[in-house]
Every structure is written in C-alpha cells, then in structure tokens.
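Naming: A, B, ... by sequence-line order, numbering from 1 per chain. No hydrogens, no waters, no symmetry mates; every other heavy atom, side chains included, goes into these values.
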Amino acid sequence: MEYDFRKIEKDWQKKWKESNAYKVNNDFSKPKSYVLDMFPYPSGAGLHVGHPLGYIASDIYSRYKRLKGFNVLHPMGFDSFGLPAEQYALDTGQHPAETTKKNIATFKSQLDNIGFCYDWEREVQTSDPQYYKWTQWIFLQLFNSYFDKKENKAKPIAELIKSFETEGSLAAHSSQLTAFSADEWKQFDEKQKADILMNCRLAFCGYGEVNWCEALGTVLANDEVVNGVSERGGHPVVKKTLRQWYLRITDYADRLLEGLNTVDFSDAMKEMQSNWIGKSSGAEIEFGVKSQESGAKLRVYTTRPDTIFGVDFMVIAPEHEMVEKIASAEQKAAVEEYITYVKSRSERERMAEKKISGVFTGAYAINPFSGREIPIWISEYVLAGYGTGAIMAVPCGDERDLKFAKHFNIPVTNIIGTHFNGEEANPTKDAILENSGFLDGLLMRDAMEVAINKIEELGIGKRKVNFKMRDAAFSRQRYWGEPFPITWKDGIAKEWKGDLPLVLPDVEKYGPGPDGQGPLANIPEWVAQELETNTMPGYAGSSWYFLRYMDNKNEKEFCSRAASDYWNQVDLYIGGTEHAVGHLLYSRMWTKVLYDLGHIGFDEPFKRLVNQGMIQGSSRFVYRAQVKSAIPLAREKDENKYDKQIFISKNILINVLGDIEWDTDIIDSQKQEEIYAIIKETVSDFPNLKSEGPLTALFIQKIHVDVNIVDGVDLDTIAFKKSRPEYANAIFVLDKDGKYICDVEVEKMSKSKFNTVNPDDLVAKYGADTFRMYEMFLGPVEMSKPWDTKGIEGVHRFLKKFWRLYINDDKSLPAGRQGLIVKDDEPTPAELKVLHNAIRKIEQDTERFSFNTGVSGFMIVTNELTDLKCHKRKILEPLLILLAPYAPHIAAELWSLLGNTTAVLDAAFPTFEEKYVKESSKAYPVAINGKTRTELTIALDATQQQVEELVLTDEVVKKWLEGKPPKKIIYVKNKMINVVI
RNA sequence: GCCCGGGUGGCGGAAUUGGUAGACGCAGCAGACUCAAAAUCUGCCGUUCGCAAGGAUGUGAAGGUUCGAUUCCUUUCCCGGGCACCA
C-alpha cells in the first residue's frame, strides 16, 4: 500500500467539505483565537509560490490552536478594488467586476488545492456592494466626527456644533481654527459654517498635489511615473493641485505612537512606524525678512533652537508661498527656472537626489539675536508639507546643510569649537556653545530650553511638537473603488441621503473625466445627482476587513458588538513588511475611531504581528546568438541573417568572455571571431560574418527563459523548443558534457520575468502536504529568499518514510503482509523519549513560528523511530496529531487507518512529560582556551570541584597542559567546560 | 538620500539566554540491493596540511570587549523592503 497522496488528498478535501469541517461558529463558550492573513489583491496572474508562505504558516498555527482547544477564526477574502483591474479594463474594455470575479475564482481554487482550513462562508470581498456598504458607512462616521483635542478622542461633530453655539471657536481647542465667538457662529451663513466644520471633520476635503499627465488626461500613481514621465507612453508628468479627501490621521499621531507599547510587533516594525509618525519637539521661530516686500516674516521649524547662532542660511521649499514675494529682481529668472525644474520632479526623486541643487532668492532673513543677515535659498530637499516648509540651516551640525554650504560656497560659522573639524558636520548635543551670544558657555543639551524660553519671551516663536506624518490622502480620480456617499451643492459637501450602499454605476468607458476628474464624472445621471466623482483608495476596504469576518452576514451592522467583543483583537496577523506604514497605520487609526465612537471595545486591531518575507524569483537566462547589422539603429529592424535561432550554453561564453556584466548585447570583434568559430563547430552552415559585409556582426542577447523548463541550471531543450513557435528549430551549442547551462539571477517574482512557479503544478506533482511542508522548510517565515524548487524531493521522501512507519508498502511481499503494521505493544523508554522530545520540539517551534526547524524536527523523529524499528500505536498515534497542522491530509488518512472514527482535526494536542526525557548526565565539550578539544560525560549534579578533578585526569587535557597547572577552569552547568592555560 | 531588515559549506538553512559552528534537507561522491531501472538502504561530504593520529583556518570585511563571539560594541561593503496614488 503506497503513499498515494493524490487520492488521499482528494478524498479528505471532499470529506471536509461535505462535513463542513472548517465551519467556524460564534460559539462564545469556548476560548477564541483569531488568526488572520493580510488578504490578497486578486491579480490576473494568479497565485504564485510566494503568496502561500504566510498562509501556510497561519494555517498551521490555526490548526495547532484548534488542537489546543480554541475556537479559531481563520478567514480569507479579497482586497478586490484596485488599479490593475482598472488598467486592464482600460486596455481591454472588460468590466473590472468581471475580471475580478474570474481572478478570485482562480485564487480560490488555487488556495483550496493547498488544503487551507478556511471557512469560506465568512469570505469578504471589498468590491462587493454588501461589503462596501459598510466601508461607506464608516466613512460617514469619519465625516461626521471631529477630534476633540482635550479628550484626545473622536466625537460626533453634532456635539461640536452645539459647543460652537455656546463657546464659539474655543470649543475646538485648535490653534488652526480662526477665532470666532458663539454669536458670530450663529451669524455665519451655511457655507461659512460648512467650511469651518470641514476643517474639523476626521474625513475632510482639502487640496493636494497629484502626478498629472496632460497627454493621458489623468492622474498617475507614483509607480506609474518613471523618471518624470508616464510609464505608459512616456508622456511628461507635472504636479497639479486637485481637491482631495483626506483622513485626519495626524490627530491620532500620539495615540498611534503610544499604542505601539500595547502590541506585540517586532521592534523593527515599531521603529518603522514611529519613524513614519516622526514625532519631534522643538520650536517654530519667526525671522524678519529683508526683501523688496517689507514686513514679511519667515517661519521655520527646528528641533535644535540651541544652534540659532550657527544659522548660515535658510532653505525654503520651492512651493513655499513666500518664494514669489521675496525673490529679488536679479534672481527672479533663476528662481523661476529652478521652480520649473522642480515641478517635473517627483517627491521620491527629490528626496533621493544626491546631487545638490538650489537657487538663491536674493532675500535675507535677520537673525533676531545677532542681527546677522542670512541668505534665503530655495532647494528641492525641503518639502512644503514638512514642518513649515522652511528650515534654518546650521552647517556645522547637519551634514546635508554642510554639503549645501560647501557646494554654494556659503561661509560656515562654527559654534561648537573643536567638535567641528570643518570637514564633517557634528550633530552632537554635548558640546559647549561658542559664538552664540547669550548661549555661550552652555551645554547644547541645556541651551535648548534656554533658547526656547527666550524666543517665547520675545514673542518671536513658540515651543512646538511636530509630526512628520501627514494627513492621509483619501481620494482617487479612478473608477474601480468605493463611491463616496457625498453630494456637493454650492461648494458644500453633504452626506448622501439615500440608503447605503451607494452602488458604483457602470460606465461606458474607463477613461478619465473632464478636468482631472475620475471616470464617474462622465456619467450624466451621476453628475446630475451632484454626487462626488472621486472614489476611495485601495486601503479603504482593507482598513476594517478584519471586523467584517467576525460577522460577515450581518445586514444591520458592520459587525455586531457581541461578535466583536468575542473575537476581539486579531491574535495573530501575518503579512509582509511592505505594509508597515500604509495599511497597518490606517487600520490602526480606523480601529481607534470606531472605538472612540463606541462601536467596538478595543482600540488596537492586531495584538501580535508576524512579518513574512518575500519569496523572490530565481530567473533563468539563455544566450541567443544572431547575425545582424552592426549599426544600432538599423539593428532594431534588422532581421536575423541566419534563419535558425542559435543558443549558446553559458559556460562556453564565460570561457571566452570571462564573467562579465551583461549590460550590453554587443561584444568586441575579436571575441566575436572566437565565438563564431565555436558556433561553426556545431552549425556548419552558419553564415560567414565577413562575407556578409563589414556592417554585419554577431550579437549575443541574454533572454529570460521559463524557470519551469530548467532543472537547476540545465535547460530542457526539448521543452524549450516547444515553448514558442520561433524556438521550434532552435539549435543549441552545448557544453562538452552535452548540457545547456542557463544563467541565474534573483529578481522579483513576476510573469514578465518567466520566473513564477505555480503552486498548482507542485501540488499536482508532490501533493499539498509536501508543498506545505516544503514552503515551511525553506527557512524562517520572516526571511526573504529566492524560490528554488530543488529540494522539494527531500520533503516528499520524508513523508514517504513517515508513511512507512505505519504502512508496509513493500510490493515484493504478498498482499496480506502489506498494509498497516502498527502494533499495540508497550513502548520502550527510548521510544517514549523520542516521542516526548518531538512533542516539546514541535510545540515550541510552532509557538515561536519557527516552522522550518519544526519540519526538521519531524524528519529527525521519523529517522529515529525508523532506526528503532518502532511501529507502536502509543508512539505513532500522538505523532499524527503533531503532524496534523503541517500535513493535514496524510495525518487524517493514517489516523483513520488506525481505526479512529473521530477527526484528527479535533484531537487533543499531546502533553509533553519531562520524566521521559530526563537525563542524569551530559557529554560536556571541554575547551582549552575556548577551543573545543574533547568531550567528557559528567553527572548533571556534579560540583565545580568534582568537575575540575575529572577534567585534570583527562588525557587530552593533560597533553595541552604540558604538566603546568591551569590558570582557571570555567564550568557552566549544562553548557560547557573551558580550561584556561 | 533617509528609515528598517539581511549576509554562515556547492545550495536552502540550524545553533531559542555569549558556551561543541554547519542540525535537518538538497546537490555531489563511494557502495549495497537489482538482469536493468526506479524506489530504498549504508558510508563520506566547509577549506587546508597530514598515510594517520592530529593540527591550522573558518559565520560579508576590518577592529574591539570576553576565559569564550555567528550572537555584544565601533567602522565599512554588498543585497532586499519602504519612503505617503501598486497592493
């Protein structure tokens, strides 16, 4: 009886489906565990082997928790709104809903193939009107709320309106609001009131810059812009200001920061989030400006007010409102030219730029303490959105400022004496200040307070806490997203009065609307209702989906309070670090808002977060030789002068060309001759280069080849010929051993690089259990690594070996002697020790997410029990329960073959018992000066003195001591012994 | 540029708290079984010197702390992720 994984897996998947084995009930009597994966965007390319890495980990953990007696919620769904489906619609005219539906069906069948324990009845899809009904509802909660700065929480905006009527603007506790009295408020007209309220709402409208592509008439995402032009078509892209929705996430900055102390995320993750929030304290200082326009003030934000005497120049953002006002007549042209240049640059480019650029405005700021005139510059490295969009530059203490000063020959003032060497800036806070007027002689650390106090005293600035984080842009000029339930009349935004959901209408075409508006602006009926034409961004639906899984059929509420009180926080959330600052911060904010408004009972969504690494693609390349024109321009159109395609094995090229960088497909003429000669050996009718004329040359191109037809680096030449019609008559120039060797490179896994591996293929060949265990065996879940299918055989072999502990599959034996060989004999102490070591190992490794070592633990226990020839029920039955989370199908089959009528899914995880693994002695490594030289078996309760005596009688130790007494003998109980000589 | 990770044999990786570097698996080599193949089993397997016993060396690089460093500290190189409209 062989391990027939195909039959076993098919049968069990069917049984589990029929018996609803994965159905999760809101059974409030049991302890709960909520295990969640970041749900996928259902791309047209389908699932590749990178996707399931986290899903398998969470599936193992869910099944493990179930064996431990928990009611486990482990759902799956789809983040099904998004740009790629819309782009596909633009290209093909197919409705995104149609393609999305198709893609989801593919994803689901691929997921089911791997044997996950999802309860599909709880599935959510963000583009489903029954789902986005509640996304819209939550948006309205945000729209109808404000952040009460005093209570530090969201409250209904109706309460604010009431307070305005009695207290005026004081009620908002906001410095940004222009002051008004209660009476004034009552006098305001509707528009004035609406504008003030808009400044308080958690979801509000403002103006923001977008990547505008005039030629395409549309707004582009950052990754659709490459080197300042559109990725599609290469059209110019400029900044354009559009009305946009925003979420006031900055009001939650402090709570988002503090909340990190209450969750179990990695330190790296917490650090990334707190850096993103970027809380800093310092001062805003106003400088008088000497320019054509008198009375202008320049407000800068600095975290180092103690360095105010070291300011040698100011830098303001090119977008800064003062630029036009202060630029001098002589500098005007230069300033305008610079601003035009900056307009064409993306924010990313501006920050990543190593080259220093900038222009002098011709104006000067006045240092309020020294009266010094400080030149005001413009540079792209200062962004308008950060702080005040203006900085005071202190070159002796800031590297970027120093580089700028050096580049433009601005003299540098040293205020920190010997701490500054003139070459490198020193950002220390521990220097004694010099050249610093009233701060002279103070330690910088202490001078900060002194400086701020003085600044406040003089009324030229104030203490200020600043956040780097900006409010989250929440609208897109796109079709495939949630419509806003908002109408606009006379410039006033109002809640749409119809019943949610406000359904996304069909459109004729997916192209942009007029004036940079989204496609919805093309629908007369939509516009006639004065509905908002923007749609919500991708992260809207994903900011709260974990709540919907708890109660996804609820038609009255987004999630009943009973369900959210029970399932509560996600106990374990798995996903990639690429979501560190986007999705995670947004969903944390939404959770806090829902909590503040009393809709849920917790204000952090994810209790524990585990990051899964990226699976990269390992691309394979072949080298193609062609005879073409030597002139680059002509070569583009030029046909290959030989009618067959010739591919040369990598090693042959390396022998001739060395291990060179392949950034060009042209090789020098002498090497061409050598390669030509080699080709000629295989291809006798290959055209003579010279006879084709002097303008003809040999070109070698490096071309991606599908990894699935390469075994390691050996190309399957027959499969290759079949892979494309133009390769049908390909000729291979092979190595001496007759092999075609491919080149290898690690890249992102993507269809276009032919390096994707479909889990379906591997499941078909080795089974889901093997696939699951192999993905885990690859390495730690958190680590990124390139995919390599080699090695999966080893895991498959292990499962076959495991099978043979239970079943005799020796075909040479008569049928009667094949089959189950498990006996009811009592196990020996050695066998019990092996089992209990395994229980401890698997339990620990599963708890700490070390699935790779868990798999190797299974291999070890299988090897050991095979060596012991152990076929005893009391050992092998508990072992099946250990294996069930990792390889559920084989475990279920053997469990049932052992005669069990209950499901292994609901067995009880075996209990580890110390008594079976207890040792009385240990083989200690004995090191001389830290280098292990021998081993001594010593009782675990031995004293230092006993150990020293034993060690000194050892022959190996004596040899190293050469008769001299040791300086010291270090004995660490249960670890090691070190003899110092 | 800034922030966060990672770098250990031919390859994936192990070493959980500073304590035997290379568990487990792949690949490779040698052998057993077989008419043969597949499957399975046994042994070897970082580099280097040595017949061997044994020694030297070795965790990206350079330094440091320590009886002892893959692990801690400093400097540095390379690779990956993020940087606000991909999801």
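Nucleic acid contact for A:M38: none, since no nucleic acid atom lies under 4.0 Å from a heavy atom of the residue. No contact: A:A580 has no heavy atom under 4.0 Å from any strand. The residue A:S475 sits close to a base: some heavy atom pair falls under 4.0 Å. Among the atoms of the strands shown, base atoms are found under 4.0 Å from some heavy atom of A:E935. Counting non-hydrogen atoms under 4.0 angstrom, A:P780 reaches the backbone sugars and phosphates but no base. Looking at heavy-atom distances under 4.0 Å, A:K967 makes no contact with the nucleic acid at all. Within the 4.0 angstrom heavy-atom criterion, no nucleotide atom of any strand lies near A:W803. Residue-level contact check: A:Q844 touches the bases, meaning some heavy atom is under 4.0 Å from a base atom.
In this structure, A:R797 atom CZ and B:rG12 atom P are separated by 19 Å, rounded to whole Å. Taking atom NZ on A:K931 and atom P on B:rG68, their separation rounds to 11 Å, with Å as the unit.
Put simply, the side chain of A:E86 gets close to the backbone of A:W480: a donor and an acceptor are under 3.5 Å apart. Checked by atom type and distance alone, the side chain of A:S266 pairs as donor or acceptor with a backbone atom of A:M269 at under 3.5 Å.
For the 3.5 Å distance criterion, the side chains of A:N863 and A:K801 qualify, holding a donor opposite an acceptor.
Proximity of the aromatic rings of A:W787 and A:Y774 is defined here by a centroid distance below 6.0 angstrom, and this criterion is met.
When the side-chain nitrogen and oxygen atoms of A:R848 are compared with OP1 and OP2 of B:rU16, none of them lie within a distance under 4.0 Å. Proximity of A:T932 to the phosphate of B:rA21: a side-chain N or O atom is located under 4.0 Å from OP1 or OP2.
B:rC51 makes up no base pair with any nucleotide shown, lacking Watson-Crick or G-U wobble contacts both under 3.5 Å. Base pairing annotation: B:rA69 forms no Watson-Crick or G-U wobble pair, as no partner gives both donor-acceptor distances under 3.5 Å. Base pairing of B:rG80: its partner is B:rC4, meeting the Watson-Crick or G-U wobble criterion (both donor-acceptor distances under 3.5 Å). For B:rA14, there is no paired nucleotide, since no Watson-Crick or G-U wobble pair has both relevant distances below 3.5 Å. A 3.5 Å limit on both hydrogen-bonding distances identifies no Watson-Crick or G-U partner for B:rA39. Figure legend. B:rC44 is base-paired to B:rG28; pairs are counted as Watson-Crick or G-U wobble with both atom distances under 3.5 Å.
Not a single donor-acceptor contact under 3.5 angstrom links the side-chain atoms of A:E271 to the base of B:rC3. Applying the 3.5 Å distance criterion, the base of B:rC67 shares a donor-acceptor pair with the side chain of A:N978.
A:K958 is linked by a side chain to side chain contact (heavy atoms under 4.5 Å, CB included) to A:E955, counting only residues two or more places apart in sequence or in another chain.
An anti base is found at B:rG12: its glycosidic angle is more than 90° from 0.
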